[in-house]
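Please read the structure below before turning to the comments.
Letters A, B, ... mirror the listed sequences (proteins, then strands); counts begin at 1.
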There are 2 protein chains.
Amino acid sequence: MPSRPPAEPTRSGRPRSAAADAAILEATRASLVDLGWSKLTMGDVATRAGVAKTTLYRRWAGKNELVVDAVAVLFDELELPNLGSLAADVQAVVLQFAALLERPETKTSLMAVVAESTRDEALRGRIRDSIVARQKRLVLRGRERAQDRGELPAEPDPAMAARTADLVFDVIAGAVVHRALVSAEPVDTDWARRFTLLLLSGLGAAAQPALTTGQKPGGSV
Amino acid sequence: MPSRPPAEPTRSGRPRSAAADAAILEATRASLVDLGWSKLTMGDVATRAGVAKTTLYRRWAGKNELVVDAVAVLFDELELPNLGSLAADVQAVVLQFAALLERPETKTSLMAVVAESTRDEALRGRIRDSIVARQKRLVLRGRERAQDRGELPAEPDPAMAARTADLVFDVIAGAVVHRALVSAEPVDTDWARRFTLLLLSGLGAAAQPALTTGQKPGGSV
DNA sequence: CAGTTACGCTACGGGTCGTAGCGTAAGGAC
DNA sequence: GTCCTTACGCTACGACCCGTAGCGTAACTG
């Protein structure tokens, strides 16, 4: 997924090795696991991939871009199951996302590239396209299903609908990331259940968990 | 705030210069503003502070620890106002936190040190004590006030109360951080208002903002 | 075949790291 | 005041990584 210039589809000359691409990204993930973000070096990745260091620089501008691409594919694993209720769907996707954050490749690098992106507009765009977009789809699809089930009302204003989706996305992703990486405590089933209840029913209801289950959200969790 | 060994309160010999401490931390923040996290170097900080590089290493183990201490004091600015309702208090503290995250010193370094902490237990503890604890107090105090006002029920089980406070803390801090740094969109008054409504009343109520304002939360916002 | 592009390899200047060594400065104990 | 102890400034150093230039070779196109 390096940023090839979208120029001529058929160029003359020797084509780029797709095998090298795959080997480099795989080596990057392996190096992240062994060394972590801060001690990962381009030279090490090149050696692991069996590739010259110059080949890396011909495809990626640097460590940041390389790691984003190496980690992005992991987010393809995220899927929104159809478990019959909004609460169950939210809880399941929360646990999926948490499992992804538990992997050492993502754990050590996600926040690092986000930090770098605060001073690099191009990198921010790459993160948005490669990682954030993959997650946000889940929120949009989850809302669709909930509206089909009648759990959520239809939103007539599309602008407001988009803003609400963005809000919900930041709340879910932010809470899971903060729990897993900042508080550094486990995102287990119990936490996911309690978070889902809070998200759907609010703080007042979340304080009396057993009493408010009969309404809409807290069904078969 | 360097980690002095809590040994003898009165030691012989030349004492450490408190002025140097202050100058170093100030220089670190300035360097973060100018260079950002990744390009900040120990040598640059030493030069700005008018101090030898070795002096830095005598007090801090490295860049990570130094930056945590330099940024931690900024979190002392956070205060929980007493605006008369839980919703107003939450919204105000969200905007305060967002303003703090907008500062270039914190914006570029907070996520970076968190990322480092995933491979450094000692650093994680330092972050917890210096930064996270300062934020979490606000949640605990906010709940107290809300309970005094009758907006939240008293929680008999202290263990459950602590877990709920942790959950709420991760949701608030995580959402704001995610909005500001990952989505990279502004945390303005409108977003804070909508987030507060979602937190207090849940997803179902948040979809009809104007209709559910008469209950408890959305008072004078 | 020639033309074009990718690759591996080596080498390089430039920068940062973290530490060692030394002489000097600034306090406390007496 | 005179020791004693610790902190400071300074220089120098090896080690490491960065990112690039140069060159010969490999692979694919027409």
What N/O pairs connect the protein and nucleotides 25-28 of chain D at under 3.5 Å? Give each pair on its own line.
{"from": "D/dA26", "atom 1": "N3", "to": "A/R14", "atom 2": "NH1", "distance (Å)": "3.2"}
{"from": "D/dA27", "atom 1": "O4'", "to": "A/R14", "atom 2": "NE", "distance (Å)": "3.4"}

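- Taking all atoms of both residues into account, the shortest heavy-atom contact from B/A115 to B/T118 is O-OG1, 2.6 Å.
- Atom-to-atom, CG of A/D21 to P of C/dA6 comes out at 12 Å; the value is rounded to the nearest Å.
- A straight line from CG of A/L66 to C1' of D/dG19 spans 15 Å, rounded to a whole angstrom.
- Take B/W37 and apply the ring-ring contact (aromatic ring centres under 6.0 Å, His included) test, not counting sequence neighbours, and it matches no residue.
- The shortest heavy-atom contact between B/V187 and B/L95 is O-CD2, 3.7 Å.
- In summary, A/D76 and A/R134 engage in a salt bridge, as defined by a charged side-chain N under 4.0 Å from a carboxylate O.
- A salt bridge between A/K136 and A/D166 is present, with a side-chain N of the basic residue lying under 4.0 Å from a carboxylate O of the acidic one.
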Show me the protein contacts with nucleotides 9-13 of chain D, counting only N or O atoms at under 3.5 Å.
{"from": "D/dG9", "atom 1": "OP2", "to": "B/A52", "atom 2": "N", "distance (Å)": "3.3"}
{"from": "D/dG9", "atom 1": "OP2", "to": "B/T55", "atom 2": "OG1", "distance (Å)": "2.8"}
{"from": "D/dG9", "atom 1": "O6", "to": "B/R58", "atom 2": "NH2", "distance (Å)": "3.2"}
{"from": "D/dC10", "atom 1": "N4", "to": "B/T54", "atom 2": "OG1", "distance (Å)": "3.1"}

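- Once rounded to the nearest 0.5 Å, the distance linking CG of B/L86 with CD of B/Q91 reads 11.5 Å.
- Residues passing the ring-ring contact (aromatic ring centres under 6.0 Å, His included) test with A/F97, sequence neighbours excluded: none.
- In this structure, CD1 in B/I24 is found 11.5 Å from CZ in B/R29, a value given to the nearest 0.5 Å.
- At a non-hydrogen distance threshold of 4.0 Å, nothing from residues 106-123 of chain A comes into contact with DNA chain D.
- Between the OH atom of A/Y57 and the P atom of C/dA6 there is a distance of 18 Å, given to the nearest Å.
- Remark: B/L40 CG to B/R48 CZ distance equals 8.0 Å, nearest 0.5 Å.
- Salt-bridge formation is detected for the pair B/E102/B/K107: a Lys NZ or Arg NE/NH1/NH2 atom is positioned less than 4.0 Å from an Asp or Glu carboxylate oxygen.
- Contacts between residues 35-43 of chain A and DNA chain D, counted as heavy-atom distances below 4.0 Å, involve A/T41, A/M42, A/G43.
- Remark: B/E79 CD to B/R137 CZ distance equals 9.5 Å, nearest 0.5 Å.
- Using a 4.5 Å heavy-atom cutoff, the side chains of A/T41 and A/L35 are not in contact.
- A salt bridge links B/R126 with B/D69: the distance from a Lys NZ or Arg NE/NH1/NH2 to an Asp or Glu carboxylate oxygen falls below 4.0 Å.
- Summarising the geometry, the separation between CH2 on A/W60 and P on C/dA6 is reported as 14 Å, rounded to the nearest angstrom.
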